[in-house]
Enquirer: 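Structure below; questions to follow.
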There are 2 protein chains.
Amino acid sequence: MLSDVMEDYLKAIYSLQMEHGPPVSTSSIAEYLGKTPPTVTSMVGKLEERGLLEREKYKGVELTTEGETVALEVLRHHRLLEAYLTEHLDYSWSEVHEEADALEHHISEEFERRVAAALGDPEVDPHGDPIPSADLTPPKSAGLSTLSDHGVGDTLVVCRVSDRDPEELEYLSEAGVTPGTTIEITDVAPFGMVTVRVVDSGREQSLPESVAQTIRVRAPDEECEDESVSTV
Amino acid sequence: MLSDVMEDYLKAIYSLQMEHGPPVSTSSIAEYLGKTPPTVTSMVGKLEERGLLEREKYKGVELTTEGETVALEVLRHHRLLEAYLTEHLDYSWSEVHEEADALEHHISEEFERRVAAALGDPEVDPHGDPIPSADLTPPKSAGLSTLSDHGVGDTLVVCRVSDRDPEELEYLSEAGVTPGTTIEITDVAPFGMVTVRVVDSGREQSLPESVAQTIRVRAPDEECEDESVSTV
DNA sequence: GGGTTGAATTAGACGTGTCTAAACTAAATA
DNA sequence: TATTTAGTTTAGACACGTCTAATTCAACCC
């Protein structure tokens, strides 16, 4: 059996692989998980022995199919939980991440099935992240652009925001920039500071580039994964 | 912070204390948790250092108020989860125990509050066990009698069944002997074998003494904790 | 090509929770 | 009272996941 800790490593490596592609470096995993590099080296050795990843010494690491499947399983749990907590237990959009992190390793297959059923097998979680399907086949990467890829005057629909930083999440939730909302870019200042107008409310909001980079958007007429109904 | 394992020990000691009173022996804890006695001795030493229990060497162990509070917190989590899974996720009466055991250590205070609210602050779980209140004051022991305390002809209402043994639970669920149902004792055979008739369905069922001892009952007119609506 | 530098790995230690084997206690028996 | 016995504790080992300090590697630059 795989420990919680091992599952966390696999999930982290999967995320890093999605962001920057393989190989994933020891130090990036260490930073992501808040561990020291030697700890990561040691753990990565164990995961390699179990066939969950491949490793080239001093280069980095890449998940095997098996490792990726485990990561997707954990991610499915995480995102189903986020969706469930939001829809059925009245959690706000930005509160769910920690709770899901704590529970994701401890739910049974049965629980997973029942939660999915209660939600009607959703395809995205409240942040707009795609929920891996029950068969754990790798989801095709949507190839969405980022808010900072666009310029003044562009009208866009928010598809996804990052769930990594609770503060950022609170800020966006506050600002009304949530998956499914339409925004228009009204200004781009030096250093990438972006000002957007939320079309429904008319409200304007400035976002630092670091945040703008984590917001995935699409053109209003494009297809996209279903946005979740965000009920903050 | 207290580890999951420590919480499990405290919960076990609490249960054993409820059943047979203090002091609780090393070997009984070991058997309850499926550990060896030396392991228990070692753990009990650590719990004593933390002020969670008192210990007399070669005699046994008794929870302090602080230890009891921790046990009640875990028990509250466990029983709220059992109730929630049964009522909102369509779990059957006998399936919930394992799931609750896995989750009880990992839910937040916030989660506890929201689950309790979603259930309307219930006082008993689906097996009829009392759910400790949010302030974690020790529940007064209900002083219910046991099915094996009664004789032929007695008509009784089931208040509580033990949730320790999934097989037994399945058996009782199958037989329709659930909290809130009225039964009549139709026969008591040698070795304590008890035959009961479920009043609603008219069905008869024989129960070995070991099982009869774990079923808590009351007279039909007595007060009792609210029975849960058992929807198997 | 040799030196510098930043990242990765090895070495060695520690805390936690578990085990088996051996020693010890205390209560019951003779 | 001496002995047996059942149960408890101590001693010592091990796996896991983590750390710090020391070493090694690879890439880059003059």
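First the proteins, then the strands, lettered A, B, ... as listed; each starts at 1.
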Enquirer: Quick one: B/Asp4 CG to C/dT16 C1', roughly how many Å, whole number?
Expert: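 The answer, rounded to whole Å, is 12 Å.
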
Enquirer: Would one find a side-chain N or O of B/Thr39 under 4.0 angstrom from OP1 or OP2 of C/dG17?
Expert: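 The answer is no; no side-chain N or O of B/Thr39 sits under 4.0 Å from OP1 or OP2.
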
Enquirer: Checking A/Ser94 against A/Glu170: is there a side-chain donor and acceptor pair closer than 3.5 Å?
Expert: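 On atom types as modelled, these side chains qualify, holding a pair under 3.5 Å.
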
Enquirer: How many Å lie between CG on A/Leu47 and C1' on D/dG17, as a whole number?
Expert: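 In whole Å, D/dG17 C1' and A/Leu47 CG are 12 Å from each other.
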
Enquirer: From the options B/Glu98, B/His105, B/Glu104, select the one residue that forms a side chain to side chain contact (heavy atoms under 4.5 Å, CB included) with B/Asp101.
Expert: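 The single option meeting the side chain to side chain contact (heavy atoms under 4.5 Å, CB included) with B/Asp101 is B/Glu104.
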
Enquirer: Could you run through nucleotides 3-16 of chain D and give me one letter per nucleotide, 5' to 3': B if any protein heavy atom sits under 4.0 Å from the base, S if only the sugar-phosphate is that close, - if neither?
Expert: -----BBB------

Enquirer: Do you see a donor-acceptor pair shorter than 3.5 Å between the side chains of B/Glu168 and B/Thr214?
Expert: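 Yes, a side-chain donor-acceptor pair sits under 3.5 Å.
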
Enquirer: How close or far is atom C1' of D/dG17 from atom CE of A/Met43, stated in whole angstroms?
Expert: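 Distance check: A/Met43 CE to D/dG17 C1' gives 8 Å.
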
Enquirer: Are any of the side-chain nitrogens in A/Arg114 or A/Glu110 under 4.0 Å away from the carboxylate oxygens of its partner?
Expert: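 So A/Arg114 pairs with A/Glu110 through a salt bridge.
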
Enquirer: In whole Å, I'd like the distance from the CE atom of B/Met6 to the P atom of C/dT18.
Expert: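 Rounding to the nearest Å, CE of B/Met6 and P of C/dT18 are 10 Å apart.
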
Enquirer: When the ring planes of A/His127 and A/Trp93 are compared, do they come out parallel, tilted or perpendicular, using 30° and 60° as the limits?
Expert: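 Rings of A/His127 and A/Trp93: tilted, 30 to 60°.
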
Enquirer: Whole Å only: how far is the OH atom of A/Tyr9 from the C1' atom of D/dG17?
Expert: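 From A/Tyr9 OH to D/dG17 C1': 8 Å.
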
Enquirer: Does A/Thr36 make a side-chain N or O approach to OP1 or OP2 of D/dC19 shorter than 4.0 Å?
Expert: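 Checking A/Thr36 against D/dC19: at least one side-chain N or O falls below 4.0 Å of OP1 or OP2.
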
Enquirer: What is the ring orientation for A/Tyr84 with B/Tyr84, classed by angle as parallel under 30°, tilted 30 to 60°, or perpendicular over 60°?
Expert: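 Correct class here is perpendicular.
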
